[in-house]
Every structure is written in C-alpha cells, then in structure tokens.
Amino acid sequence: MEPTPREKLRNIAIIAHVDHGKTTLVDAMLKQTGAFRTNEAVQARVMDSNDLERERGITILAKHASVVWEGFKINIIDTPGHADFGGEGERTLRMADGCLLLVDAAEGALPQTRFVLGKAIELGLPLIVVINKIDRKDARPDETLNEVFDLFVDLDASEEQADFTTVYAIGKDGIAKSELGDESQDLRPLFEAIRDAVPPPTGDTEAPLQLLVHNTLHDDYVGRLAIGRVRAGKVVQRQKVALLGEGDAVSRHEIGTLWGFEKMERVRLDSAVAGDIVAVSGIDAVKIGDTLADPEQPKALERISVEEPTIKVRVLVNTSPFAGQSGKFVTSRQVRDRLHKEAERNIALRVEDTEETEAFDVYGRGELMLSILAETMRREGYELAMGMPQVVIKEEDGEKLEPLERVVIDVDEEHVGSITQALGERRGQMVNMAVLGAGRQRIEFEIPSRGLIGFRSQFLTMSRGTGLLYTLFGGWTPYLGPLLRRKNGAIVSDRKGTTTPYALFNLQPRGVLFLGSGAPIYEGQILGEHTRPNALDVNAAREKKLTNIRAAGKDENTILSTPVAHTIESALDWIDQDELVEITPDAIRIRKKVLACNRRPRRDGPKKG
C-alpha cells in the first residue's frame, strides 16, 4: 500500500448523541467511495460488527475505517454515542484533526451532544455540523442549528470553532446538501466540507519517532496489537522502539508487523509517517496511553486520561447451587483475569481486589457499561454474580461528595406529573421545561446518580413505553443523605425443586412473578416481586394433592400470567443490597446473598441507601 501525501490526508471523528445516525452515515460514505463491490451483499450498520451492537442498535466500541474520495484519503473514526461509553470517544478524539458533529433535525441538541462537543472543543478541533434526518416529518433544521450554535457559545468555543461549516443530510439515503433548498443525489457536499474544513495532519516527519497508543486489540495470529497515531517521525517494520509506560517505566522492543487502514480492513505497510493512524504488533506489554518512541531520544507524549467512574458494582464468583452447570470459566482466578483484561482495554473501567478473595469491585461510567461487560463475559462462557450498583462517594476537604446527573426527558404531556413526582422523591430538581409540540414536553432535572438506579424501568412503565430518557454526568455535589430503595419485597423460594403451575397460580395474587412453570429453582432464589414491603418465603414446587374421591365441583382452570423476563440491566436495576444477580451462559437469575431461610435477616420494609 502506497503512503498518502500529507496534504491529501484527513483524519476525522464522527461524534453525536446516541441514535442520531453516525454509523448509518459512515455506511453511506463507504458505499459511495467504492468500499464494496457492486454485487456485494452489505448488511446495515456495517461498522457495528459486534453482536451486542447489532442487537441493541448502538455503537459500543470505537471503530476505524478509511475511504478515498477524488485522491483524498479520509480516515474515519466512528465513536459511541451513549454516555456510558464516553471513555471510548474521549481517547479516540485525540487521533483526529477534525470532527463531524451529527445532530438529529427533529430531536435537536441532547445531553450527549453537549458531552462529545465539549471534548472536541477542549482539544481545539475544527468542527463540521451535520444536521441529519432532515426528511423526518417533525424535522426542524433551522431551530436545531440555532440550538447547536447556542451550545457552542455555552461551551466557550473559539471564534474559529463557532464559525462552523453546516451540512444538511439524509444519512440512510446517502444525500447531503450545503443549503436546505439545494438539489443533491449523493454525499459530495459532505466530502467537500471535510476536504476544505479539516486541516491535513501536522507533525515533523524528520523528528524522532513518537506514537501515542489509543487502543489495543488481540489478534489470534499475531497477538496484541497497538493502534495509535504517529505524532512525529517515521515508523517502519522491525524497527527498534522504546516503550514509555506509566510513571517512568521504559523498556525496549522491536515492532513486528505494521498495518494501516483501508476501507474496512487492515492492510500491511512498509512505513508510516507523522499523521498516519496505524496498528503495530510485537509488543505484548503495551497499554492504552503508552508512547512508542525513538530509543535514542525517548520522549513521552501526554498520557490519555478520561473522567473518573461514577458507579461501582461488586462482582463475585457464582456460588449458587446451580454453579458450574453451564459455564466454562467459573473460578475466581479466571473471573479476575478477565476483568483486569477488560480494564486494560477500556480505560474508563477500573477493577480493584477486595478483602474477599472471590469478590472484586468494578468501577464504570454507568449501569449499561457494566451490564454490557457482564453480557460479554456471559457469552464467552463465564459464570459470575453481581451485587447492587452503588455510586462512588469521594471526600474533599472533609466533605462527602456524590455524582450528579443531568437528566433530559421527552414525554407526552399526560405523563409529566407522575414522572416529576417520582423524580422529586429521588431528590431530583427540575431546572428546565419546554413544550416540543405535538403533545410532547421536554423536562430537565438535576438528580443524584443514586436516584437514577432502578428508575429507567419505572420510567418506561409510567410513560407507557413512549418516553425518552437521556442522562449526562453533571459533576459532584454534597452528599444528599439516604434515598429510598425499592419499596416492595421479594417472593423467595424456600426449597430446591421445579416450579409447578399449581403453586405459581396460587402465588400470582401475591405479586409479579419472574419465572414460568417447569423452571428449576433453589432455596434463596427470588421468584418475583411481592406486593408488600416484606420478603415472602414460599414453596413454588408444591403440587396438587390427588385423591380418589371425586369432587362435586369442577377443578379451577390454572391460567398463568406471562412472567417478567429480566435482562442483566433490568435485574441490576431491581435488586436491593441483600440480593445478587446470578449470570450464567444459559440463565439470568436473581437470588438472596444468604440463601438459607432460617439464617437470612428479615426485610420488614423498604431500605434506604
């Protein structure tokens, strides 16, 4: 692969709020620049290669691709839009020389738009604003553009950044326009904006080598890969380099193979110079944030740092009676190694050992981030248990501080009252309210992160599935005291067995069940949510006693309601301090920490914490 001249190279990151169309727009850019054959079958959202990304319709990991348009090579970095994966976006933005900020023409600027834009402005990157989905019936592109400009002003953007280029687009159709009234059939106006507004990479190609590692991957054939951008100098295959790690750690290594990115694939390179985004093999000790430098003049670049985690959860080895029945990796050593491996790749995640040898504290940005980690491990064959998520409390000058979230809710007017009341009970304060039209309102709250744990499922019920809830880390606030956790107790199995329709039918009036008939259960497993605050120990394996005497009346027809099937995320939302989520490759169960009924402390009412 021939190297691209500096003046013909553009490195851009695509940033936006979740679901505003980043990955779909990248699909169109790839198709229109000949990345796929004419007869090639291409699936939608080709950059979302992970199974979980496809199932959930969100980007979780930052991805790299490149396109060639009229002689210009454009390296594209597709970043996650969800706040929980903001660490991915933060570290990959430093690889770019400019950004495309996508904003939905109907939804406007939302919390994550503010977050990602703030990071780009901090780095001083030039921005192109793409108003996407202008074909929506409720699109309001002019108002959205004004909202985005106000956001630039709020975030103290420089005059050059605030004088941004605007492009209007329909990402799914592959159409872009410089003005709303223009006629267009392709993305040419967008490519022209990238060519003109994003500068070519800078860096002295004759200086000693400096390469900052932004990401690491594992390849089954060549081992650990370090992905980063060459900041200065030149890198070639088999080159001797100094690895500058945390602190003053310096070690010498030899680069194995050197790759660049072309379309969706890695291609081998003989050499790369300042401005190129490359992958190198042969250095197993490399970590995100390290610098590869000239061994004769080793000079470290500033390490990548991201915001501190706000949520922690205790991960334990699975100790239930059903442990080891379906998983391949069940020991504390295997679980610990996997968690630390994830922490090396994801710098927004932190893992700490505890006083218990079979328990580990995992710190992250939010419940979604932690539940995605658990789901990934489950699919890899791990068994584990997770405790109730808790916020990270820190102390400054003797004062306890807790994380604060800024919550934006779009909801039908009829549900505003009940949602406002529910957030008020969780110490939320309304800071803004606006009418969107068509019977919908947008309300903004500031609320402690603790108050949002377990709220999402309640919110969906209150809004009858029509509400949208977005959150953004809003800083630290003085500790606001204990909050009410789940109001209702649990229905708990008092013995091992298999659930029967007869037993479940008689339990239905007592609450909402999580299991259907024929499910294996054990003592201490939670079968459902009780209608009252106390926990209820029950026999769900009871069968109807049969006699040889005919009854005068006919038998009551046994009709069971559909049980509530919990995901890892909803189960973590639901559990209380004395409960665990058991996660195995074939099941997600909820259980009490203490399984034996006669040893378990009583729960007489809702807990505060």
Side-chain angles (χ1 to χ4, degrees), residues 84 308-394 402-403 449-450 453-454 485-486 490 492 522-526 535 566-585 587-596 599-601 603 607 609:
D84 284 23
E308 286 291 302
T310 56
I311 295 281
K312 72 172 180 179
V313 68
R314 182 154 286 195
V315 175
L316 306 98
V317 172
N318 185 16
T319 56
S320 85
F322 294 164
Q325 292 186 2
S326 59
K328 291 188 291 184
F329 310 108
V330 296
T331 66
S332 60
R333 178 184 59 79
Q334 290 168 328
V335 172
R336 181 184 183 278
D337 289 349
R338 178 63 180 84
L339 291 173
H340 280 283
K341 180 182 172 185
E342 184 68 20
E344 286 180 13
R345 195 207 61 77
N346 184 349
I347 56 174
L349 190 82
R350 198 169 79 230
V351 179
E352 290 180 358
D353 295 336
T354 66
E355 64 282 357
E356 302 172 41
T357 55
E358 297 189 343
F360 316 95
D361 283 338
V362 181
Y363 296 77
R365 283 282 184 84
E367 293 162 89
L368 178 63
M369 177 181 177
L370 297 173
S371 66
I372 290 284
L373 169 60
E375 180 65 38
T376 305
M377 290 176 66
R378 174 192 175 200
R379 294 183 183 203
E380 291 172 0
Y382 286 84
E383 287 193 14
L384 61 146
M386 298 179 83
M388 184 185 88
Q390 297 177 317
V391 298
V392 177
I393 306 293
K394 69 177 186 178
E402 66 173 322
S449 297
R450 285 180 299 146
I453 295 174
R485 278 292 293 164
R486 193 181 75 225
V492 189
Y522 54 82
E523 182 181 5
Q525 183 176 342
I526 292 174
H566 275 294
T567 61
I568 295 175
E569 203 177 338
S570 64
L572 288 173
D573 268 356
W574 187 84
I575 60 172
D576 215 329
Q577 293 169 355
D578 62 338
E579 295 159 356
L580 297 172
V581 180
E582 178 192 347
I583 300 164
T584 69
I588 297 166
R589 305 182 186 94
I590 304 176
R591 51 163 282 195
K592 289 288 185 181
K593 281 184 180 176
V594 180
L595 296 177
R599 294 177 51 211
R600 192 184 315 132
R603 185 189 198 272
K607 295 281 191 299

Student: Nearest 0.5 Å, what's the CG-CG distance between Asn318 and Leu580?
Tutor: 9.5 Å

Student: Hey, could you give me the CD/CD distance between Gln525 and Glu582, rounded to the nearest 0.5 Å?
Tutor: 7.0 Å

Student: What is the minimum heavy-atom distance between Ser449 and Val391, and which atoms define it?
Tutor: CB-CG1, 3.6 Å

Student: With a 4.0 Å cut-off on N to O distance, would you call Arg338 and Glu380 a salt bridge?
Tutor: yes

Student: Does the side chain of Leu339 come within less than 4.5 Å of Leu349's, by heavy atoms?
Tutor: no

Student: Should the pair Trp574 and His566 be assigned to parallel (<30°), tilted (30 to 60°) or perpendicular (>60°) ring geometry?
Tutor: tilted

Student: Do Leu595 and Pro321 have side-chain heavy atoms sitting under 4.5 Å apart?
Tutor: yes

Student: Could you check whether any side-chain heavy atom of Met377 comes within less than 4.5 Å of a side-chain heavy atom of Ile583, counting everything from C-beta outward?
Tutor: no

Student: Identify the two heavy atoms, one from Gly364 and one from Pro309, that lie closest to each other, and give their separation to 0.1 Å.
Tutor: O-CB, 3.3 Å

Student: Tell me whether Glu383 contacts the main-chain N or O of Gly327 through its side chain, where contact means a donor paired with an acceptor under 3.5 Å.
Tutor: yes

Student: Please give me the minimum heavy-atom distance between Met386 and Ala374, naming the atom from each residue.
Tutor: SD-CB, 3.5 Å

Student: Nearest 0.5 Å, please: how far is CE in Met369 from CD1 in Ile311?
Tutor: 11.5 Å

Student: Would you say the side chain of Glu358 lies within less than 4.5 Å of the side chain of Leu316, judging by non-hydrogen atoms?
Tutor: no

Student: What residues, two or more places apart in sequence or in another chain, satisfy side-chain contact (heavy atoms from CB on, under 4.5 Å) together with Lys394?
Tutor: Glu396, Leu401, Trp476

Student: CZ/Phe322 to OG1/Thr319 distance, rounded to the nearest 0.5 angstrom?
Tutor: 13.0 Å

Student: Of Lys593, Arg591, Arg599, Lys592, which is the lone residue that meets salt bridge (charged side-chain N to carboxylate O under 4.0 Å, His left out) with Asp578?
Tutor: Lys592

Student: Only one of Arg350, Lys312, Arg314 passes side-chain hydrogen bond (donor to acceptor under 3.5 Å, both in side chains) with Asp361; say which it is.
Tutor: Arg314

Student: Quick one: does Ser371's side chain have a donor or acceptor within less than 3.5 Å of a partner on Ile568's backbone?
Tutor: no

Student: Main chain of Val330, side chain of Gln334: is a donor-acceptor contact present, judged purely on distance under 3.5 Å?
Tutor: yes

